[in-house]
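Have a look at the structure below, then the notes.
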Amino acid sequence: MPPWEFRELKRAPAGATVDDEAAAGGSPGRFWLNTSSNVRHNERCRWFGKTKRGRLGGPGEGKACGECGG
């Protein structure tokens, strides 16, 4: 299991995952998907929300950022 997924599990309420939150009608996740390059960034990444073209997405979309592991 990658470290960023392990840390995400520790932050989520007991028994809940990011995917559970999205399925419950919450936000799609804490990831920014650059729609030009198809790279996703987690919320701690310096590129989160700062690309010209992008949207919020889930952990299974796009490819992980080389810096943050999105």
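Keep in mind that what you see is a predicted model, and the values were worked out from it rather than measured.
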Evaluate the side-chain contact (heavy atoms from CB on, under 4.5 Å) criterion for residues Trp32 and Leu56: first the C-alpha distance (whole Å), next the side-chain angles of each, then the deciding distance (0.1 Å), finally the verdict. CA-CA 5 Å; Trp32 180 258; Leu56 290 175; 4.1 Å; yes
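The shortest non-hydrogen separation linking Cys45 to Cys65 is SG-SG, 4.1 Å.
Rounding to the nearest 0.5 Å gives a distance of 13.5 Å between CZ of Arg44 and CD of Glu67. Here the straight-line distance linking atom CZ of Phe31 with atom SG of Cys68 works out to 8.5 Å at 0.5 Å rounding. Rounding to the nearest 0.5 Å gives a distance of 10.0 Å between CZ of Phe48 and NE2 of His41.
Under the rule for a side chain to side chain donor-acceptor pair (under 3.5 Å), Asn42 has no partner lying at least two apart in sequence or in another chain. Under the side chain to side chain donor-acceptor pair (under 3.5 Å) criterion, Thr35 pairs with no residue at all, not counting sequence neighbours.
Listed by first and then second residue, the salt bridge (Lys or Arg N to Asp or Glu O under 4.0 Å) pairs that reach into residues 47-59 are Arg55-Glu61, sequence neighbours excluded.
The closest donor-acceptor contact from the side chain of Arg40 to the backbone of Gly62 lies under 3.5 Å.
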